[in-house]
Amino acid sequence: MDFNGRSGDMVVFATVAEQGSLSAAARALGLTPSAVSRIIARTEQRLGTRLLLRTTRAITFTAEGEAYLRGARRILADMAEVEEAIADQGVPRGRLRVSAALGHGRLAIVPLVAAFSARYPNITVDLGLGDEVVDILGGQADVAVRFGHLPDSPLTARKVGETGQVVVASPDYLACHGTPQQPEDLLQHNCLRFNFRRAEPNWPFTRDGQAFSLKVCGNIECSSGEALAQFARVGAGIARIGEFSVAEDLQRGDLVPLLQAFNPGDREPIHAVFVGGSAMPARVRMFVDFLLEHHCM
């Protein structure tokens, strides 16, 4: 690397701060200690102020040195991000941090990540599964897959799929408790419900083109659709959950769809959320395009 320009000065100064001494920084950079000392002196002369206070035992930073270090680190990080984004246009590489909800992530996103990684082996996908909302602007993820309508924010969102809701129960539960024929019959059944804040307290239905809802009751509540599906599968009650959570169960006959004639057909959008703009790394764009290509139900 050329250490003659201002960016080189910043690299040397940041390395001194990281290593804790001029000699250690010199070893890390492949320079001599005297060369590192000259670069620091040159930087101080150009700025017209002392940045470092050196003793035989330690290095301390002046207030101006602390300010210069913060600025240097920020500028070097920006430069690295821009160069990485440009380099990605050829062969995309690097770490891609993806966040997804636990149940949907396991059932839908994990298979897509496996296929994406096979297509782009130079990209390392760091997948985090959990129901908490990660701070993308704060750097906790590059892409988040989120359900429902999104609040206004500076982030970019692309709709990558949607899912509906279905009322289900196991054959064993229905054999013991009977099969509801009308939505009102649910009032006599144990209904398994979500307990998170944005969950609707009532279950919606339609009859003769008119929408209505019922306040159902039950003795189990849960934050996970995957867990509610499992409760329904073992005969604990009737659940209304996302189609993606029970698609395989319905195919196998482990769960039975109920009251389909009264299903309002409400669809919940699924978005990929990320920081857009011209500096967006190619790996982020390619992953979002991949989700669009495969319709992320």
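Being a predicted model, the structure only gives us computed values, none of them experimental. For reference, positions follow the sequence shown, starting with 1.
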Q. Between Thr62 and Gly65, is there a donor-acceptor pair closer than 3.5 Å when you use the side chain of the first and the backbone of the second?
A. yes
Q) Do you reckon Ile270 sits in the same ILVMFWY cluster as Ile109, going by side-chain contacts under 4.5 Å, direct or chained? A) yes
Q) Transitively linked via ILVMFWY side-chain contacts under 4.5 Å: Ile241 with Ile220? A) yes
(Q) Less than 4.5 Å apart, side chain to side chain, heavy atoms only: is that true for Arg240 and Cys191? (A) no
Q. What distance separates Ser37 OG from Leu22 CG, expressed to the nearest 0.5 Å?
A. 5.5 Å
Q: Compare all side-chain heavy atoms of Phe61 with those of Leu52 and state whether any distance is below 4.5 angstrom.
A: yes
Q. Roughly how far apart are Leu51 CG and Phe13 CZ, rounded to 0.5 Å?
A. 4.5 Å
Q | The single option from Asp126, Asp142, Thr124 passing side chain to side chain donor-acceptor pair (under 3.5 Å) against Arg97 | A | Asp142
Q. Within a radius of less than 6.0 Å around CZ of Arg6, do more than 12 heavy atoms belonging to other residues, nucleotides or ligands occur?
A. no
Q) How about Glu64 and Leu47: do any of their side-chain heavy atoms sit closer than 4.5 Å? A) no
Q) Within the distance-only criterion (no hydrogens, no angle test), does the side chain of Gln181 pair as donor or acceptor with the backbone N or O of Thr179 below 3.5 angstrom? A) yes
Q) How long is the gap from CG on Leu214 to CD on Glu184, to the nearest 0.5 Å? A) 5.5 Å
(Q) Which heavy atom of Leu112 sits nearest to which heavy atom of Phe290, and what is that distance? (A) O-CE2, 3.3 Å
Q.
On a heavy-atom basis, which atom in Ala227 and which in Cys222 lie closest, and how many Å separate them?
A. CB-SG, 3.5 Å
Q) With a 4.5 Å heavy-atom cut-off, do Leu29 and Val11 have their side chains touching? A) yes
Q) Does some side-chain heavy atom of Tyr68 sit less than 4.5 Å from a side-chain heavy atom of Thr43? A) yes
Q: Indicate if Val125 and Val273 have the same hydrophobic cluster label, given that clusters are the connected sets of ILVMFWY residues with side-chain heavy-atom separations under 4.5 angstrom.
A: no
Q: Working to the nearest 0.5 Å, report the span between CG of Leu53 and CD1 of Ile59.
A: 10.0 Å
Q. If you draw a 6.0 Å radius around CD in Gln260, do more than 12 non-hydrogen atoms from other residues or ligands fall strictly inside?
A. yes
Q. Is the closest side-chain heavy-atom distance between His189 and Tyr173 below 4.5 Å?
A. yes
**Q.** Test salt bridge (charged side-chain N to carboxylate O under 4.0 Å, His left out) applied to Arg119 and Asp289, step by step
**A.** CA-CA 13 Å; Arg119 182 182 295 184; Asp289 289 345; over 6 Å; no
Q | Backbone of Ala14 reached by a side-chain donor or acceptor of Arg73 within 3.5 Å | A | no
(Q) Using the rule that Ile, Leu, Val, Met, Phe, Trp and Tyr join whenever any side-chain heavy atoms are under 4.5 Å apart, tell me whether Leu102 and Val113 fall into a single cluster. (A) yes
Q | Enclosure of Glu248 CD (heavy-atom neighbours >12, cutoff 6.0 Å) | A | no
Q. Are Trp203 and Phe262 side-chain neighbours, meaning at least one heavy-atom pair lies under 4.5 Å?
A. no
Q: Step by step, work out the side chain to side chain contact (heavy atoms under 4.5 Å, CB included) result for Leu186 and Leu259.
A: CA-CA 10 Å; Leu186 293 173; Leu259 304 171; 3.8 Å; yes
Q: Kindly give the heavy-atom pair with the smallest separation between Val216 and Arg193, and that separation in Å.
A: O-NH1, 3.5 Å
Q) How many angstroms lie between CG in Leu129 and NE2 in His104, if you round to the nearest 0.5 Å? A) 11.0 Å
Q.
Could you walk me through whether Arg267 and Glu243 satisfy the salt bridge (charged side-chain N to carboxylate O under 4.0 Å, His left out) test, starting with their C-alpha distance in whole Å, then the side-chain angles of each, then the deciding distance to 0.1 Å, before giving a yes or no?
A. CA-CA 10 Å; Arg267 308 293 292 177; Glu243 292 171 350; 3.3 Å; yes
Q. Does a side-chain heavy-atom distance below 4.5 Å link Val167 with Asn263?
A. no
Q: Determine the minimum heavy-atom distance between Leu107 and Ser245, stating which atoms define it.
A: CD1-CA, 3.8 Å
Q. Would a distance-only check, ignoring hydrogens and angles, find a side-chain to backbone donor-acceptor pair under 3.5 Å from Gln140 to Asp135?
A. yes
Q: To the nearest 0.5 angstrom, please state how far the CD1 atom of Ile238 sits from the OG atom of Ser170.
A: 9.5 Å
